[in-house]
**Q** 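Take a look at the following structure, please.
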Amino acid sequence: MLNMFRTGCLQKMLSWQHMHWRSAGRPMFMGTSATERHKTQAVIFDMGGVVLPSPLILFKNFEQMSGLPEGLIGKAIISDKHFGAWTRLEEGKLSMEEFAKEFGVECSRLLGKEVDMSGLMPLFNRTYVNPYPQMIDAIKCVRAEGLKTALLTNNWFNIKDQESFIPLDLTLFDVVVESCKVGYRKPHPKIYEAVLKELGLPGQQCVFLDDIGENLKAASQFGINTIKVKDPDQAIVDLERHLGLTLRGYMAGTTTVPRRLTLDKVKLTSYLNTQLKLHDKAEPVVRCFSHGQSNPTYFIKYAGKNLVLRKKPPGKLLPSAHAVEREYQIMKAVEGHGVPVPKMLALCEDDSVLGTPFYIMEHLPGRIFKDHLLSDSRPEERRAIYSEMIKTLCKIHSVSIQDAGLQGYGKHDGYLKRNFQRWAKQYEASKTTDIESMNKLMEWIPKNFPPTERCTIVHGDFRLDNLIYHEYRPEVLGVLDWELSTLGDPLTDLATLVICYYIPHGFPMFPSFVGEDLKALGIPEEKELIQEYCRRMGVPMIEDHVWDFYVAFNFFRFAAILQGVYKRAITGQAASPDAEYVGLYAKEVANKAWEVATRSNHRLTNQTTAASDPANSGRRHYSTSAADMTSAGSLIISVESLPERVRTLHKQVKEFIATHIAPIELKYVAHSQSKDKWKVFEPIEELKAKAKAAGLWNLFLPRESDHGGKYGAGLSNLEYAFICEEMGKYLIAPEVFNCSAPDTGNMEVLVKYGTEEQKQRWLVPLLNGEIRSCFGMTEPAVASSDATNIQSSIVRDGDSYVINGHKWWTSGAMHPRCKLCIFMGKTDPSAKTHSQQSMILVPMDTPGVKIVRSLSVYGYEDPPAGHAEVLFENVRVPASNMLLGEGRGFEIAQGRLGPGRIHHCMRLIGHAERSLELMIHRTMNRVAFGKPLAAQGTIQADVAQSRIDIDLTRLMVLKAAHMMDHYGNKVAANEIAMIKVAAPNMALRVIDRAIQSHGGAGLNYDSPLPYFFSAGRSLRLADGPDEVHRRTVAAREYKKHMKHKL
Ligand SMILES: Cc1cc2nc3c(=O)[nH]c(=O)nc-3n(C[C@H](O)[C@H](O)[C@H](O)COP(=O)(O)OP(=O)(O)OC[C@H]3O[C@@H](n4cnc5c(N)ncnc54)[C@H](O)[C@@H]3O)c2cc1C
C-alpha cells in the first residue's frame, strides 16, 4: 500500500477509509455526496402496486375465474372502509378463515346472491410474488447512495400473529411497517407516524411512492413528499428527478455519477459503437464506483454487456499521477501470464473523446471483501480467502518481466534505495516539527538495506479489497487497481499486507488485527502469511531481521506521506477536509517504524553474539535448523513454478547453450583428440566472456554459503538444480558458465572457510574465470574412499608448511591455467582420527609439485583439465595458506561434499535427458525390419523406462536440494547420499539404452553418449563409491530402528 503514496494517492486512501471506518455496512457519504445534495434522506415504498404488481390485477383474475362481475371485490373493499372485512384483515384483526367468511358475506350482499370468497387470498400466495425487477434495481440504487429505504404496506397475516404476507427481500429496507402488525392501515395517520418514527426523520426528508391517491394525500399531511405510481417505469423516472440520481443499472459498489465526473454519453456511445463494435438502441447506463478510486471508475451497461471504464480525473494533474495508460499496459501484459485480471478491451489516449485518457475492461462479477476480518465468513473460509490472496500475490511476483514485455516498465535495480531517497527528501521538505523516530529511521534505513533485492512486478497497492473473488468460491477472479504498479522489490507488496498486524484499532485508513484472536478466526498470523508466501514462491523463509527492515521501511514511507499531507493541510493546499487530522498520525506511524527497527537491531545483536561465541565460531551455520522444519514449505518440481528471476536465468542459459555451445561441441571433441589437446580450447574462452557479459556466470554458489549473493547469482540449491541440468546436456557447458567441477567445490570452500587474504588471492581469480583449480585427496597407496587413510603429510616449519604426498585422480590438475590445489593431508597423525587431517592451499607452480601423468577413464582424458597423478615433494607454502585451521580438514570436507557434489547429480540428469532425446530421434529415423525402430515394443519399453528412471531420480535430486536449502547440508546428508548412488546408476541405465539403440554409432566420439557413459560410470567412484554412500543410508535406517526400540 505504501507504494501508493506516490503523489495523488492520498485521495484514494481517504476515500477508502470512509468506507471502512465510518460505516460497517453501507457507505456513508461526505463532502459532495448525495445526502448533502438532496434533502431527502429516505424513500418510502408501498408494496402492492409499487414494488409488486397491483392486487387489482389479481382481483380481476379471480372475478373472471369465479364468474363474478368485474369490480365486485373493489366495491366490497370500499363499501365499509372502517369496519369491513378487508380493513380488519389488513389491521391484523381477522384470520384468513374469518376473513373468507365475512368477506364472502359482504360480496354476497352486494351481488344479491351467495358467493364463495375462500379461494381469493390463497391466490395471492400462489401467484402474487414477483416484484418489478426495475423497482428492485431502483431500491438498490437508492441504498447505494446512502439513503434509507422503508416499506410501508397494508398487508395481512397468512397465519394469525405469525406470518405476514410480504414476499420481498426485507434486507432491501431499513424500516418495514406492516398494517397487520401495527394495527392501522393506510391512510390512517398513525401508520405514517410509525414509519417516520422508525426512520428517525421528519416527513420533509422523505419521499413516498404509492399507487393510491388517498394514501399519498394522508402522507403529505406529514410533510412527506409524494410520488403517485401509475407504472413502475414512470415512478422511477419521477423518483430520479426528485432525488437527482440515476436509479438504474445497479451494481454493487456503484453510485450515481457525480456531476463533475459526468461523461458525454453521445461520445461514449459512439466510442463503444466504433471501437468495441457494440450497438444498442438504448443509451448506456453509466454509474460510478464509489470504493477508493483516485481514478474515476465507471460501470457501464450497454448492449447486454457489463463494462468498466477507468479514466484520469479531470483537472490539472502531476505528470506521473493517475497514469491509466500504465495501468492498461500492465493489466494487458499480465493477462496471459497467470495473473487474474479483467479482460482489457480498449485504451483511448485521445483527450477529445471523454476529456481525459481512459480504458475499458470487462466487468467481473464477484465479491470484494472490504472487511478484512471477514466478519460474515467461517474460519475455514477466511483461511481459504487469505491463502488465495497470497497465491495471487505470488502469481504477480512470478511473472517474467521479459516474457510479459515489461522490460521498460520501470528500473530494474535499486528500488529500495531510490524509494528511500525520495521519501526522505519529501519528509524533509514537509517537516513541521522534529519527529525523533523519523530522524533515527533516516539514519538506520540506509545502513540496513537488505544485501539482495529482487526485481519483479510490484502491484503497489496489493490488499484484500483490491481483489475480486468468485461469488461462492475462495478464488480470485481479478486483481484491480494497478495504478501504482511498477518494477521493484516484491517484498514491499508483502509488507503492505501486514500493516494491519501492527496498526492499532481506531487508526484511520487501515483495519487492525491487533488484539484479534486470529487463530480462532482462521486468519493467518503475520509469520504464517510470510511463510506461505515464501513456500509458494519457492524461496527460503525471510530472515526475521530482513523482514523487520521491510516493515519498518514501509511505515517510514507511510509516515513521510502523512507528514506531507499534514503540511499541505495546515498550509491550506490539501483538498480533503480530513487531511489535517490524518496528517497528525505521522508521528505515531514513525514511532511504530522505529519500534520495528529497534526489534530488528536486537535480533541482529543476538545473532552476532551467537556467532562470536567460541563454541560456534568457524562452525558451519545453517539458515534453518532441523528444529524449524515447519518452515520448509513445499517442494518445487518444475521450472514453471520457479520464481520469475530464476525462470528467466534458466531460459537464458538454455538459449545460450542452443545458440553458442551446441554448435561447437564437435569442435571440442576434435580438439580433445588433437595434439593440442592439453592447450586451452580457445572457443570456450570466447564463450566464457559472452556468458559473463550476459550475467550467466557463477550461478552455482548457493545462497546458504553466499549470503546476499555477494559472489554468485544468489540461487538456492534447488533453483540451481534446474539450470545445472541444462548445463549437463553439453560437454563443455558447465565450464562456459564458470560452473564446472572441481572449481565450483573449491570456490565454495574458499567462500566459506577462506580468509580475506585467501579470497583475494584465489577466490577472486577463480570467480573471474581467470584461473582453474584442483583438489588433491585421493592417494594411490591407500583406500581413499575412507579419507582417514590419507597419508600425505603437512608439517609446520616456522612460517611455512612443508608438504609431501602422492596423489592421483586429481581432476583439473593438467589444465594449463590450473594455479591452485586444495591439498588434504595429515598435520597431526597422533590426534583423534578426525582431527588429524587438514586442508591447505598449494599454488601449482610451487617447487616440488610434479605432474606424473594424465589418467584416462575408458580412454577419455578430459583434456585440457584432465585427471592427474601428482607428486608433492617437499613443497613449502606459507603458513597462512592453511584453511580454517590445523585438524579441520574433515570439517571442510563435509562442507565440500554438499552442493559441490550434488551438482554432479544434477548434471547427470542432464546427461540422461539428452541421451533419451538422442535415442528418440535415432529410433524415429532409423528403419529396421520394415519399420522405424521406434515402432518396436522393446524400444518403446526402453524409452518409457528411461523417462520413469529420469523423473524419479530428478525428484530425489530436487528433494535433496530442497532439504539442503531449508535444513542445511547436515540434515540433508541422507538425501545427498541417496542421490549420489541413484543419479549415476540411473544415468548409466538410460545412456546404455540410448547407446544400444544407436548401434555402432553409440560407441563412437561422434555422439556424446560414450562420453556420458564414462562420466556416469566414473561418478559411481569419483564422488565416493556407491558402497560408502549406501553405508550412510543403511546406518541411518538402522539408527531409526534402534530409536524405535528404545
Ligand atoms: C574420474 C575421477 C575423478 C576423480 N577426481 C578426484 C579429485 O579431483 N580429487 C580426488 O581427491 N579424488 C578424485 N577421484 C578419486 C575418487 O574420489 C576415489 O577413487 C574414490 O574416493 C575411491 O577411492 P579409491 O579409488 O582409493 O578406492 P578404494 O577406497 O580402494 O575402494 C575400492 C572399492 O572398495 C569398495 N569399498 C570401499 N569402501 C567400502 C565399504 N565401506 N563397503 C563396501 N565396499 C567398499 C568399493 O567398491 C570401492 O570402489 C576421482 C576419481 C575418478 C574416477
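Atoms within a ligand are numbered from 1 in the order they appear, just like the ligands themselves. Remember, it's a predicted structure, so these values are computed and weren't measured experimentally. Hydrogens, waters and symmetry mates play no part in the numbers below; they use all other heavy atoms, side chains included.
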**Q** Is a donor from one side chain sitting under 3.5 angstrom from an acceptor on the other, for His660 and Glu655?
**A** no
**Q** Out of Ala813, Ala1022, Gly745, Ala781, whose heavy atom is nearest to atom 51 (C) of ligand 1?
**A** Ala1022
**Q** Would Arg989 and Asp949 count as a salt bridge (Lys or Arg N to Asp or Glu O under 4.0 Å) here? Give the steps.
**A** CA-CA 8 Å; Arg989 290 194 301 274; Asp949 287 344; 3.4 Å; yes
**Q** Quick one: does Glu779's side chain have a donor or acceptor within less than 3.5 Å of a partner on Gln791's backbone?
**A** yes
**Q** Salt bridge or not between Lys752 and Glu748? Use side-chain N to carboxylate O under 4.0 Å.
**A** yes
**Q** Taking both backbone and side-chain atoms of Ser811, is any N or O found less than 3.5 Å from an N or O belonging to ligand 1?
**A** yes
**Q** Quick one: which of Asn746, Ile790, Thr778 has a heavy atom closest to atom 16 (C) of ligand 1?
**A** Thr778
**Q** Run the contact test for Asp1023 against ligand 1 with a 4.0 Å cut-off on heavy atoms, strictly below, and give the result.
**A** no
**Q** Any salt bridge between Arg1031 and Asp786, counting N to O under 4.0 Å?
**A** no
**Q** Please identify each residue that fulfils ring-ring contact (aromatic ring centres under 6.0 Å, His included) with His650, with sequence neighbours left out.
**A** none
**Q** Could you say whether the N/O atoms of Trp809 and ligand 1 ever approach to under 3.5 Å?
**A** yes
**Q** State plainly whether the residues Arg914 and Glu917 are in salt-bridge range, i.e. N to O under 4.0 Å.
**A** no
**Q** Between Glu779 and ligand 1, is there a nitrogen or oxygen pair with a distance under 3.5 Å?
**A** no
**Q** N/O of Val857 under 3.5 Å from N/O of ligand 1, yes or no?
**A** no
**Q** Heavy atoms only, cut-off 4.0 Å: how does His867 contact ligand 1, side chain, backbone, both, or neither?
**A** side chain
**Q** Whether the Gln996 and Asp992 side chains hold a donor-acceptor pair (N or O, under 3.5 Å, no angle test) is what I'd like checked.
**A** no
**Q** Show which atoms of ligand 1 fall inside a sub-4.0 Å distance from at least one heavy-atom site of Ser1018.
**A** 1 (C), 53 (C)
**Q** So, does Asp965 use its side chain to make a donor-acceptor pair with the main chain of Asn717 at under 3.5 Å?
**A** yes
**Q** By number and element, which atoms of ligand 1 are closer than 4.0 Å to a non-hydrogen atom of Val782?
**A** 26 (O)
**Q** At under 4.0 Å between heavy atoms, which part of Arg1031 makes contact with ligand 1: side chain, backbone, both or neither?
**A** side chain
**Q** Would you say ligand 1 has an N or O under 3.5 Å from any N or O of Pro1025?
**A** no
**Q** Using a strict 4.0 Å cut-off to heavy atoms of Glu1027, name the atoms of ligand 1 that fall inside it.
**A** 42 (N), 43 (C), 44 (N), 45 (C), 46 (C), 47 (O)
**Q** So which bit of Ser784 gets within less than 4.0 Å of ligand 1, heavy atoms only: side chain, backbone, both or neither?
**A** both
**Q** Would you be so kind as to tabulate the donor-acceptor pairs closer than 3.5 Å made by side chains of residues 854-861, with sequence neighbours excluded?
**A**
| residue | atom | partner | partner atom | Å |
| --- | --- | --- | --- | --- |
| Ser854 | OG | Glu861 | OE2 | 2.8 |
| Tyr860 | OH | Tyr1011 | N | 3.2 |
| Glu861 | OE1 | Lys677 | NZ | 2.7 |

**Q** With heavy-atom distances below 4.0 Å as the criterion, list the atoms of ligand 1 near Val1028.
**A** 38 (N)
